[in-house]
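For reference, the structure is listed below as structure tokens.
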Amino acid sequence: MEKQVKRIGVLTSGGDAPGMNAALRAVTRTAVNQGIGCVGIRRGWNGLINSDFIPMGSSSVSHIINKGGTLLYTARSMDFMEPAGRAKALDTCRLLGLDGIVAIGGDGTFRGALALSRQAAETGMSLRVVGIPATIDNDIGCSHYTIGFDSACNTCIECIDKLRDTMQSHERCSVVEVMGRHAGYLALYVGIAVGATAVLIPEREVDFERDIVEKIRRARLANTTHYMVVVAEGAGSAIDIGRRIHEELGIDPRVTVLGHIQRGGSPTARDRETASRMGYRAVMALLEGKDNCIIATQNGKIVDIEMEEALQMKKPFQMERYQILESLTNSKGPDI
Ligand code: F6P
């Protein structure tokens, strides 16, 4: 049965990701085209607490599909984690007459959304929430893909390709740290794509001898004169890894922490397209009367999964990809 929706709020929360703007555009335009109002909540959940919002119309999201960052700003809100903060947020929802909220972000964003919806229900108010996964970490259990991941991978690849040029000229070893928080997806995909000598990810316990020393030795035996080591931030610090490489192999590596450059830049085709499909689906889910849910990709399809169930889902470790990485980084010696 369809539940009536007159006005929705949309926000971005947590670390930004390229493609968030494309998602904002899709949510806003779909709402407008379906005849419902759309309000942009600024600075994540803090915007609901502080009544910091802007009206959203078709033209307010013009020419943003190609822009990195987020038009609505983003933040991680400590106050929203407390019932008192959420009570203030609910006052803003009542003031604005919101029936639903589309929250674009990661796991913490969705947990906050669910807590808000539950607290609303306790006071007899109906506020349904829909999550759109957007994080360069690709670490949302229910969704094969999160908006921003492909753009971040491409930015890392571009930077590492440049590093390789100078490492090759000087016959050096480069140790590059990429983001990912507790997940190694970025390092894994980037490691495969740049042809890294070694890759460290948090999903696999690091054995320095096996994962670094042995790989560099083998590369040396195969006549390689420069080495590229990619470290996921969750697997250790590139500075420490560089120091150990120096101690144990007697080579003098150069360390680069790519940092927040990975989160910026124009979104790739994949991120713009996925964000557009997810944004559309999020509004349609609200209009169709779906309960709180997260929009996800499953085998290339856009689906909606009930939020509580979605938040319990775990992504299996991508063993096949890891094996491919291992097989491609393990040089056995000179050509035969
Ligand atoms: O979750 C996205 C992310 O970029 C992580 O990869 C990283 O650990 C973290 O955010 C950095 O957060 P901040 O922008 O607060 O430094």
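Note that ligands are numbered from 1 as they come in the structure, with each ligand's atoms numbered from 1 the same way.
- The 12-atom threshold is not exceeded at CE of M81, counting heavy atoms of other residues, nucleotides or ligands nearer than 6.0 Å.
- Ranking the protein heavy atoms by distance from atom 9 (C) of ligand 1 puts R181 NH2, 3.6 Å first.
- Here the side chains of T256 and V175 are not in contact, with every heavy-atom distance at 4.5 Å or above.
- At a heavy-atom cutoff of 4.0 Å, ligand 1 is contacted by the side chain of R263 but not by its backbone.
- Ring pair Y322/F317 is tilted by interplanar angle, where 30° to 60° counts as tilted.
- When each atom of ligand 1 is checked for a heavy atom of G180 under 4.0 Å away, the hits are 6 (O).
- Under a 4.5 Å side-chain heavy-atom cut-off, the cluster of Ile, Leu, Val, Met, Phe, Trp and Tyr residues that includes I65 has no other member.
- Taking distance alone, with nitrogen or oxygen atoms compared against 3.5 Å, M179 stays at or beyond that limit from ligand 1.
- Scanning the protein for heavy atoms near atom 2 (C) of ligand 1, the closest one is D137 OD2, 3.3 Å.
- The single protein non-hydrogen atom nearest to atom 15 (O) of ligand 1 is R76 NH1, 2.6 Å, given as residue, atom name and distance.
- M278 is listed as a side-chain neighbour of I302, based on a closest heavy-atom distance under 4.5 Å.
- When only non-hydrogen protein atoms are considered, atom 16 (O) of ligand 1 lies nearest to H260 NE2, 3.0 Å.
- Applying the under-4.5 Å side-chain rule to Ile, Leu, Val, Met, Phe, Trp and Tyr, the cluster around V303 extends to I305, M313.
- Looking from atom 7 (C) of ligand 1 to the surrounding protein, the closest heavy atom is E233 OE2, 3.2 Å.
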